[in-house]
Amino acid sequence: AQSVSQHNHHVILSEAASLELGCNYSYGGTVNLFWYVQYPGQHLQLLLKYFSGDPLVKGIKGFEAEFIKSKFSFNLRKPSVQWSDTAEYFCAVTRDDKIIFGKGTRLHILP
Amino acid sequence: KAGVTQTPRYLIKTRGQQVTLSCSPISGHRSVSWYQQTPGQGLQFLFEYFSETQRNKGNFPGRFSGRQFSNSRSEMNVSTLELGDSALYLCASSLATSGRKDEQYFGPGTRLTVT
């Protein structure tokens, strides 16, 4: 079955630490990839997306993600996290008309 | 531009009852999708409506149904509620000009508690 895996369910980091959240998918063929973020008490919102072209995608708030087709991965990165990055992060993959979200990673940044 | 709105925001129902949730998409958006969010399962896709037609459906039982009106507003109905239906139900709208490539804009959700 098609699936999206986010291996880290809960991550705790100190401010200024570097972040990498993993996302792997099981689709074959052409896919579109997204990272969404849900800050406490706020709506889910788009962080960044990949459709085609440069596999390194830059999003809002200093986040970036790299699409590695051979590894079926789309990991999210940020070189230096801030307390305000505390949130839940969801990876999503679409292919044709189907969209599947990962189960999310809760990120907690210690001040 | 107003965002996606969902009503009601909170709902408490008892087992066996039915419930209807409402979603108003961003003006101009023709696609509305519904998701169930729970701590254990994350976001699970329920269905998508486009131009009043169900375009996609997730793996949920027939107790979950929906519809879309000509103004793109959508409703979701759950009949014969079960305890396991307790969740945050999210609605998302998109322009859907290029199929699944479009960014989805999420509403605040309806928190349903079944007792």
Please report the C-alpha distance between A/F90 and B/Q37 in whole Å, then the side-chain angles of each, then the deciding distance to 0.1 Å, and finally whether the side chain to side chain contact (heavy atoms under 4.5 Å, CB included) criterion is met.
-> CA-CA 12 Å; A/F90 294 90; B/Q37 185 178 13; 3.4 Å; yes

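A distance of 4.0 Å separates CD1 in A/I99 from OH in B/Y35, rounded to the nearest 0.5 Å. A distance of 9.0 Å separates CD of B/Q104 from OG1 of A/T94, quoted to the nearest 0.5 Å.
Taking A/H43, A/E88, A/K103 one by one and counting their heavy-atom pairs under 4.5 Å with chain B, the maximum is reached by A/H43.
Counting non-hydrogen atoms of other residues, nucleotides and ligands closer than 6.0 Å to CG of B/N59 gives a total of 12 or fewer. Heavy-atom contacts from other residues, nucleotides or ligands closer than 6.0 Å to CG of A/L56 number more than 12. The environment of B/R73 atom CZ is dense: over 12 non-hydrogen atoms of other residues, nucleotides or ligands sit within 6.0 angstrom. Remark: B/R15 CZ is loosely packed, at most 12 non-hydrogen atoms of other residues, nucleotides or ligands lying under 6.0 Å away.
In this view, A/I12 and A/H10, A/H108, A/L110 satisfy the side chain to side chain contact (heavy atoms under 4.5 Å, CB included) rule, not counting sequence neighbours. Under the side chain to side chain contact (heavy atoms under 4.5 Å, CB included) criterion, A/Q82 pairs with A/E15, A/K78, A/S84, A/D85, not counting sequence neighbours.
Among all heavy-atom pairs drawn from B/L43 and A/F101, the shortest one is CD1-CD2, 3.4 Å.
For a residue to count as touching a neighbouring chain, one of its non-hydrogen atoms must lie under 4.5 Å from one of that chain's; by this rule A/Q6 does not touch chain B. Neither the backbone nor the side chain of B/Q44 comes within contact range of chain A; no heavy atom of the residue lies under 4.5 Å from a heavy atom of that chain.
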